[in-house]
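Below you'll find the structure, written out as structure tokens, and then a few comments.
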Amino acid sequence: MRVVLLGGAGYIGSVISAELLANGDEVTVVDDLIYATKERRDKPPFGTNFVRGDFRDENLLRDVVKGADAVVALGGLVGEPACDLDQDLTVELNYASAALAGEIAGECGVQHFVFLSTCSVYGRQDGLGTEETPANPLSSYARTKLLAEEHLAKVCQGNLSLTVLRLATVFGLSPRMRLDSVVNSMASRAARTGEIPLRGGAQWRPLLHVRDIAEVARRALHEKRATHPEPYVLNVGSDEMNYTIEHIAETVAGRIEGARVVRTPQPEDQRDYRISFARIREVFPGSCARGLGEGVDEIAAAVASGEFADLDQVGYDNLRGLRLAIDENRAKVLRTPAMRRLADEYEGRWTQA
Ligand SMILES: NC(=O)c1ccc[n+]([C@@H]2O[C@H](COP(=O)([O-])OP(=O)(O)OC[C@H]3O[C@@H](n4cnc5c(N)ncnc54)[C@H](O)[C@@H]3O)[C@@H](O)[C@H]2O)c1
């Protein structure tokens, strides 16, 4: 199968690339390596056809998408603080680029579009969020991802089917490592300093190992999905992996000798949700089985073996990396006609709401 990964050189994309290559797929990655710095030269995933470029570029998209069987859109800005830095940039990278890629995939005769979305679209919920629970997006991160889902559902029609994967918070080792997400940050700091900073702690957060999402992406692309509703939305994670932040910190402390939790004041983050993963259990039995301990142990072992010499290096932290990319003019708003059209649609959708 010929698969195009948009944003495929990032934390999750590097692991999905390896999974698909091992499966015998032909993988093309489009990525602008926006977090690469002098200290950290991000490399394209080994073995892929790598196109360094901007996935908002219509001509580039048409060139790479033509002849592909499937497109996976997984680029953009991740998490609320990064998305709050520049609203217009967030709309282009998270919403408009995915919407445009879906439109072009349809024109080019692609059969399957997979969009990596987020459980953040549930925002704050009482009870378990299922795929049918009305979304409650509390941030521009969640709003851009949700509108991308909605737009893709409209353009992925006929021969082009759509799968939306709403990911839990991802953890575990990747060749393009991020140490800014909750588990990776706690585990790496505990292994290096013995301290686990804990802000707040009562909020629920579902977790997902990075190799599990890679397997789910492969299965979504390859396994027959005859019985599913269209468009197909799947929460990706497992019921056993709904944790509170405090429980994550305690688990990390319990697995790393000498580590202790250090509490700091409650954060601004309002997200608080527990998710039902009943549908994915039924559709992809046995998926998302890796536990929190496995990820903590592998990160602690990597730190102990001398990887991540400087945990504060900007390349491990998307928020600081994005600030630098904006300051150095490597990440900027394009305002092409397509981006303007889609940005207007975004504006209209959320001012009506
Ligand atoms: N990491 C998580 O915990 C998590 C949780 C839920 C959902 N997701 C979703 O998964 C996807 C991937 O997340 P990640 O953690 O791998 O992010 P990441 O930041 O590591 O990767 C994103 C990639 O997109 C690339 N990119 C950004 N703008 C670009 C542009 N204009 N042109 C070309 N490339 C560009 C970056 O260079 C980077 O390699 C995102 O869509 C995110 O919303 C991630």
Side-chain angles (χ1 to χ4, degrees), residues 4-17 29-37 40 42-45 50-58 60-61 64 72-80 82-83 86 89-98 100-101 114-122 139-146 148-149 164-172 174-185 205-210 212-214 216-217 234-237 271 273 275 295 315-322 325-326 330-334 336 339:
V4 175
L5 301 183
L6 303 175
Y11 172 62
I12 296 173
S14 303
V15 182
I16 294 183
S17 299
V29 165
V30 178
D31 201 300
D32 222 0
L33 306 179
I34 66 168
Y35 301 108
T37 61
R40 176 179 169 143
D42 281 357
K43 296 187 200 79
F50 180 65
V51 180
R52 181 158 189 179
D54 195 313
F55 51 48
R56 292 168 292 177
D57 176 339
E58 273 184 81
L60 184 154
L61 275 178
V64 294
V72 182
L74 44 59
L77 305 178
V78 190
E80 204 172 320
C83 290
D86 181 334
L89 184 63
T90 300
V91 171
E92 286 199 358
L93 295 187
N94 283 14
Y95 162 62
S97 66
L100 181 65
V114 178
F115 178 60
L116 262 61
S117 187
T118 166
C119 287
S120 290
V121 298
Y122 295 109
S139 62
S140 53
Y141 177 48
R143 284 190 288 274
T144 49
K145 299 299 269 189
L146 185 64
E149 290 184 13
V164 171
L165 302 175
R166 289 181 175 164
L167 274 50
T169 298
V170 182
F171 67 96
S174 157
R176 199 305 233 175
M177 195 56 183
R178 289 180 54 194
L179 295 175
D180 52 356
S181 58
V182 59
V183 174
N184 294 2
S185 164
R205 194 71 86 255
L207 299 175
L208 167 68
H209 195 286
V210 67
D212 282 336
I213 168 58
V216 166
L234 265 188
N235 293 336
V236 184
R271 288 175 304 154
Y273 45 80
I275 301 298
Y316 297 133
D317 180 333
N318 270 12
L319 178 59
R320 288 173 52 227
L322 180 63
I326 291 173
R330 288 182 283 112
K332 58 181 179 222
V333 178
L334 289 186
T336 58
M339 289 297 111

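When reading the values below, keep in mind they use all heavy atoms of this one structure, side chains included, and skip hydrogens, waters and symmetry mates. Numbering of ligands and ligand atoms starts at 1, following listing order. Remember, it's a predicted structure, so these values are computed and weren't measured experimentally.
- Remark: distances from the non-hydrogen atoms of S14 to ligand 1 are all 4.0 Å or more.
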### Task
Could you check R143 against Y95 for side-chain hydrogen bond (donor to acceptor under 3.5 Å, both in side chains), going step by step and ending with a plain yes or no?
CA-CA 9 Å; R143 284 190 288 274; Y95 162 62; over 6 Å; no
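- Within the listing of ligand 1, atoms 23 (C), 24 (O) sit less than 4.0 angstrom from a heavy atom of G7.
- By the criterion of a heavy-atom distance under 4.0 Å, neither the backbone nor the side chain of F171 is placed next to ligand 1.
- Ranking protein heavy atoms by distance to atom 22 (C) of ligand 1, first place goes to G76 O, 3.8 Å.
- The nearest non-hydrogen atom to atom 18 (P) of ligand 1, considering only N318, L334, L322, comes from N318.
- The closest approach between R166 and ligand 1 stays at or above 4.0 Å for every heavy atom of the residue.
- For atom 29 (C) of ligand 1, the closest non-hydrogen atom of the protein is F55 CZ, 3.3 Å.
- Residue-ligand proximity, Y35 to ligand 1, at heavy-atom distances under 4.0 Å covers atoms 19 (O).
- L116 contributes atom CG, which lies 5.0 Å from atom CG of L74 (distance to the nearest 0.5 angstrom).
- Nearest protein heavy-atom contact of atom 21 (O) of ligand 1 is G10 CA, 3.5 Å.
- Among G237, G75, S97, the residue whose heavy atom lies closest to atom 24 (O) of ligand 1 is G75.
- The shell of residues lying under 4.0 angstrom from ligand 1, judged by heavy atoms, excludes S174.
- Taking every heavy atom of A9 and a limit of under 4.0 angstrom, the matching atoms of ligand 1 come to 39 (O).
- For atom 1 (N) of ligand 1, the nearest protein heavy atom (residue, atom name, distance) is R178 NH1, 3.2 Å.
- Ranked by closest heavy atom to atom 27 (C) of ligand 1, the top entry among L6, L207, I34 is I34.
- The atoms of ligand 1 that sit less than 4.0 Å from any heavy atom of G53 are 32 (N), 33 (C).
- Residue, atom and distance of the protein heavy atom nearest to atom 7 (C) of ligand 1 are S117 O, 3.3 Å.
- Of the protein's non-hydrogen atoms, the one nearest atom 44 (C) of ligand 1 is I12 CD1, 3.6 Å.
- By heavy-atom distance, the residue among D32, V170, L33, D180 lying nearest atom 33 (C) of ligand 1 is D32.
- Contact annotation: for V78 versus ligand 1, heavy atoms closer than 4.0 Å belong to the side chain alone.
- Note on ligand 1: K145 sits in its first shell, one or more heavy atoms being nearer than 4.0 Å.
- The residue from D180, N318, N184 that alone fulfils the side chain to side chain donor-acceptor pair (under 3.5 Å) condition with Y11 is N184.
- Of the protein's heavy atoms, Y11 N, 2.8 Å lies nearest to atom 20 (O) of ligand 1.
- Residue contact check: R56 has heavy atoms under 4.0 Å from atoms 31 (N) of ligand 1.
- With atom 6 (C) of ligand 1 as the reference point, the heavy atom nearest to it among N94, L167, I213 is part of L167.
- Those atoms of ligand 1 that come under 4.0 Å of a heavy atom in L93, given as number and element, are 28 (N), 31 (N).
- Taking only non-hydrogen atoms, the option from L208, D31, L89 nearest to atom 38 (C) of ligand 1 is D31.
- Side-chain contact between M339 and T336 is present, with heavy atoms from C-beta onward closer than 4.5 Å.
- Among protein heavy atoms, atom 5 (C) of ligand 1 sits closest to A168 O, 3.4 Å.
- Using a 4.0 angstrom heavy-atom cutoff, S181 does not count as in contact with ligand 1.
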